[in-house]
Structures are given as structure tokens and as C-alpha cells.
Amino acid sequence: MIVLIIFPRKSLFLHNENSMAQTEQAWGSRLGLILAMAGSAVGLGNFLRFPVQAVQNGGGAFIIPYLVSFLLLGLPLAMIEWSTGKFGGQFGRHSPPTIMQSLNKNHFWRYSGALCLFSSFVICAYYCYIESWILSYTIHSVIGTFDGMTEYEVSAFFDKYIDLTTSTLGFPSDTLIMFICCLLINIFILANGISKGIERASKISMPLLLIFGFFLAYKAYTMKAGVAGAKFDSVVALDFLWTIDVDSLANPKVWLSAAGQVFFTMSLGMGAIQTYASYMKKNDDIALNSMTSAFTNEFAEIVLGSAIIIPISIGYLGVDKVVELTGMGGFGLGFRTMPFLFEQWGDVLSCLAGLAFFGILFIASITSSISISQPFIAFLARNYNWTQRKSSFRFGILLFFLALPCILFFDKGVFDQYDFWGGTVSLFLFALLETVAFSWVLGVNKGWKLITDNAELRLPRVYKFILKFITPTMLIIIFVAAIIKPKNDDWSLLSFKGWELDDSSIIGELRHQNVGPNKTWFADEFYAENEGEVKKISETEVVIGDKTYKLPADAEVLVSIDDFVTLGSPIYKGDVVNNVFYVDICRIGLLMFLILLCVFIRFARQHNFEEIKIE
């Protein structure tokens, strides 16, 4: 029903070739293009994921494989997406399915673009939800919500915020309302098109991001032990981040983590670069523009990303504690720890620091989400004869319904499924496919011509070899490693006799290794997923150790206060719906959505799917 409202039968199966064509769009200036591309790449991964990856992989030792991966994986993939995007754009093709089909007439390449549309749509769904967290935390930082809170209370505030039954801003359903606000902001920017919407927003937001970043980096690098509660000088954090542990360079985990970080931080495989590049003018230089935006992203990541969370956290908590906290991931540090640390700077500075920090995250996320939305909007606009505005609004409606499961069932594992399949697996597969299409199907010689045509910057010819052999090999290695990843990322476990797979491996994920003892969809009893002492029992929850279990209305509690509960012991009886049910239903829904995208591609205007010959 929803699909028929958004995509009426007439527009899905019939195409009026005499109707007014989609108005051609283009970037207004080179600066606007570069800032928009940089905004696409500079996302939450720069400020939340990169610092955590660096800490977990040996600090300074992480930078060497990171830079190697940037040169051998990041830059080549960026060149591929820039060149194929611009090439397709010259013939009115602005979305991944049509751009891929322009390289080869085989229908397989058209449908490979569905993976890209799938990734961009699913990522945008949960990205908009994250944006709502950030916007809310920005407001709370400015109005002083965190004033006087303990470290535990600040951490617990996040759990309260994502609980839809509570309110943190004084009005009901504030979590859902903040999400709708962020969704509307995205739609408003997208509806105004490339030059008046995306480019204008990038020209305003990216300089502001740099101002906020330099302010926080200055505060981090000038921290002194004993001042404003800090326990360590900033030099302690700098020494940890930039001291190279040579021994760790022999660990495959460090290299795989570095390659994965480069891949995700540059927005590769999402279609954003291809789509943005498709709006370039015929004589625009790919080499110079791609290098400029790539190095702008690296500056934001290495210089600013490493200068905020980790130095400030180490200044107050010490290296060992921060290494322990990184187990929560970047979101744990960003939302559960940083607001408390900012409060140590006093009322005025804590307000400014909260505004700057969450302002950076909001700008980084909003510029990324509009970039990964545009591929799908461009597909609708060009292939169904819709305007940018109409495509944007219909995209927003569909996105709202796709994002709802993330919001309503966040604590059931749905959010993680979106991130795993849409934000990791599918975009990696598409990146591998587009590399093969560019270097082997089209041919690296023709591909190199696309990259260097009208180039003001001379690229080393060694990149032809890298594009054909090194980059696809690295992608295959990383993908195979994700499938067979050993327990705890310990690659010494590999053996011809077999090894235990990590829960986060693709096979481990498919087998529900991380589910725990509650493996069935429905049950009469719920079993403990951790060990610990029963600290609290109420009508709505049971607290065991550091984990809280919500109770259904008809639950009969089977434990008592001070009991020591072991993993797999029954906690309560009742009509239990386990998280694995929501996970499996989510997977089925995502698969159906991917199939639906293939249907949209099938019934799109066929003249947009012809191969274009490269002279």
C-alpha cells in the first residue's frame, strides 16, 4: 500500500517519453563541488570511529597501515567512482544502476547498482536517527542538562533518551519528534537540488565544522594536569597516539582494521561520489578534484579526528581507562563520556564545548546523509521523469517507514542489522563489483583515460597497475577476512583443522553466534545473558550485574535479590519474544527491500541502461 502511494502504478510501469525531462543540474563552482565531496566523506567515522580504531590497534602504529591503505585502496576507489560518475553524467546518467550499465551492456551491472541503492537507503535510515541523537544532545548541552551529573548519570542519560516511553526535553515522544526534524532538514536540502541545496549547505557547514574542530583541538592540546580536574597533560595522549609500536605492524588485525577504516571514512561503495561526480561539467578535472577532496577528508580525520575525543578522555581518565572504554565503541565515548568531561571546564566552556562537539557531529552526519540520499533521488528523478523536489519528498516518506524499525526496536538489535548488512556487507560488495567492472570489464586502459581526461594534475602511472591488481586484491582479502574472522580477531588461530569464528564474522552473524542463550523466536522462559549478582527487582525490570532486563507485563520473576545468576539461568517466566525474532524479521525485510529495488530498476526507462562506447 505504501509503495503504491509513493510509486503510483502509472509512473512505475508507464513512461511518457514526451513529458518534460528532468532539468539538468550542475555544480556552481569547483569550491562547492570539493566542499560537498569532502562533506560526503567527512562523517561520524572521522570523529568517533577513527580515534577508537587507533586506540584499539596500537595508537601510532595504526597510522602506517592506515596511510598505506589510503594510497592503495582509498585513492584508487575514489578515482574509479569519480571517473565513472562523471562519464555517466555526460549522458544524463546520475545514479549507480545507470552509471554501471554505461560501462557494459550486460544486465548484471545494472542490477549490481541495486546493492548501492540499498546501502545508501539503509544507511540513511539509521543515520537520520543518529542525527536526532546528536541534535538532542546539542540542545541538552546548551541548556545545561548535564550540569551536576555524575559520570554514571551522564552515561545512563543515553539509555533514557532512546527509551521511547520517557522524555528528556519535557514533551512526549521527543525522540521521534527529533528524528522527524532531522528527516525534514535532509529533505529540505535535497529538494533544492545540487547547486541551491547541497552545494549551498556544504559551503556554510564545512567551514563551521573546521572552526568547531580547531576550537576543541586547541583545548585538547593545551590541557594541563591539575587544571579543571585534568589528571594528565595533553602530551600523554599525543605520546600514545603517535608513538609507533613496530611489533604491532606484524598483526594482520591492525592492517585489516586500517583498510576497513579507510574504506568507510571515504564514503566508498555508497554511490555518493559517483552521483556527485555525475553533475560535473565536461571539462572539469577529475584528478585534481578527487585528490583535493580525499586529502581534505584525511586532514579532518587524522588531524582533527585524533585531536578531540582521545586526548580529552586520556587527560581526565588515563590511557588504560580510555582503552577499556573504547570497548563501547565511538558512540559510547561520544555520548556516554564526553558530556561529563566537558562539564569539568565550567558552565560557559562546557556549553561551548558541547555545542562545538555535537555541532561537528551534526554537520558531519547531515552532509553525509544528504550525499548518500542523492543516488536514490537521482535514480527516481531521471528514470521516472520526476522533479528533484517530488523525488526528494517521496524518498523522505519511504525513508520514514524504513527508519521506524530502527527507532521502535533499537534495543532488539534492529539498528545493528541495518548497520551490518546495509552499512558494511552490501557496500563492500558493490565496491568490489565496481572495481572489477572498471579495471577488468571496461579495461584499465579505457578507465585510465576517463581519470586523466582534462587532468590538470599528473597522476603516477603506477596507479594503472594498482587499479588493476592491488585494489581488487585488497578488497577480496578484506571481504574473505570478514567472512572467516577468527575469535577475538586473533589470526594466529587459523589452522587447516579449523578455527572458532568470531561473533562479528559474516558466518557468525548468519549463525546467530552473538545471540546468547535465548535462541528461539518465542519461549516460556527468558535466560540470563550475563553472570552477576541480582541488584534490583521491580515490576518493570531486573538488574543483574551491569545489565538491565525489561520485564513483560505477565512475567513471573524466578530470581531474588543478592542471588548470583550464571549465564543461561532462567530469570523469569512469561510470554517471551526474544530479540532473535526481531533480528530475523529485519533480515527478511531488508532482503525484500533489495528485491523491490531490483523491481524499480527493471521498470525504469530502458534507454538509460545502454552501454556507452569509450573512444
Side-chain angles (χ1 to χ4, degrees), residues 41-75 220 236-266 268 297-315 317-334 337-338 419-420 423-424 428 474-475 477-494 499 501-506 508:
V42 176
L44 298 177
N46 295 70
F47 302 99
L48 296 179
R49 193 175 190 272
F50 174 77
V52 168
Q53 289 292 314
V55 168
Q56 292 177 340
N57 292 282
F62 182 73
I63 302 300
I64 293 177
Y66 176 85
L67 292 176
V68 171
S69 298
F70 172 70
L71 295 173
L72 300 181
L73 180 65
L75 281 181
V236 175
L238 294 175
D239 182 63
F240 173 74
L241 279 173
W242 299 109
T243 299
I244 298 176
D245 178 9
V246 178
D247 292 339
S248 65
L249 295 178
N251 188 347
K253 173 181 177 291
V254 176
W255 289 87
L256 290 170
S257 298
Q261 175 61 27
V262 167
F263 182 87
F264 294 117
T265 192
M266 294 181 68
L268 301 169
N297 174 68
E298 295 312 296
F299 172 82
E301 180 148 292
I302 296 176
V303 177
L304 294 181
S306 65
I308 300 175
I309 284 187
I310 300 305
I312 294 174
S313 298
I314 289 178
L317 305 174
V319 172
D320 293 339
K321 181 64 174 178
V322 170
V323 171
E324 177 187 338
L325 288 174
T326 56
M328 297 188 299
F331 287 113
L333 275 175
T337 303
M338 296 305 292
D419 184 40
F420 187 81
T424 305
F428 219 96
M474 288 184 68
L475 285 169
I477 290 173
I478 295 169
F479 189 68
V480 171
I483 295 174
I484 63 170
K485 181 179 177 182
K487 186 73 173 177
N488 299 324
D489 230 347
D490 184 359
W491 291 90
S492 65
L493 297 176
L494 293 186
W499 59 90
L501 294 172
D502 192 78
D503 293 345
S504 64
S505 66
I506 293 177

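Values below: every heavy atom of this structure, side chains too, minus hydrogens, waters and symmetry copies.
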If I compare all heavy atoms of [X] with all of [Y], which pair ends up nearest, and what's the gap?
X    : Y    : value
A41  : N46  : O-OD1, 3.3 Å
I309 : S313 : O-OG, 2.7 Å
A258 : P65  : CB-C, 3.6 Å
L75  : M266 : N-CE, 4.3 Å
A300 : F47  : O-CE2, 4.0 Å
S505 : I483 : CB-O, 3.7 Å

Quick one: pull up [atom1] in [X] and [atom2] in [Y] and give me the separation to the nearest 0.5 Å.
X    : Y    : atom1 : atom2 : answer
W491 : K253 : CH2   : NZ    : 11.5 Å
F240 : I310 : CZ    : CD1   : 7.5 Å
F263 : T265 : CZ    : OG1   : 12.0 Å

Any chance you could lay out the side chain to side chain contact (heavy atoms under 4.5 Å, CB included) test for I312 and M338, step after step, and finish with the verdict?
CA-CA 8 Å; I312 294 174; M338 296 305 292; 4.0 Å; yes

Non-hydrogen side-chain atoms of [X] and [Y] separated by less than 4.5 Å:
X    : Y    : answer
F62  : F50  : yes
K321 : I314 : no
I484 : W499 : yes
F428 : L268 : no
L48  : L333 : no
K487 : D503 : yes
D489 : D502 : no
M474 : L72  : yes

Side chain to side chain contact (heavy atoms under 4.5 Å, CB included) evaluation trace for L67 with V262:
CA-CA 8 Å; L67 292 176; V262 167; over 6 Å; no

Checking D320, V55, L317, V52 against L325 for side-chain contact (heavy atoms from CB on, under 4.5 Å), the one that qualifies is L317

Who pairs with F70 by ring-ring contact (aromatic ring centres under 6.0 Å, His included), at least two apart in sequence or on another chain?
F295

Distance alone, cut at 3.5 Å: any donor-acceptor contact between the side chains of Y66 and E301?
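E301 and Y66 do have a side-chain donor-acceptor pair below 3.5 Å.
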
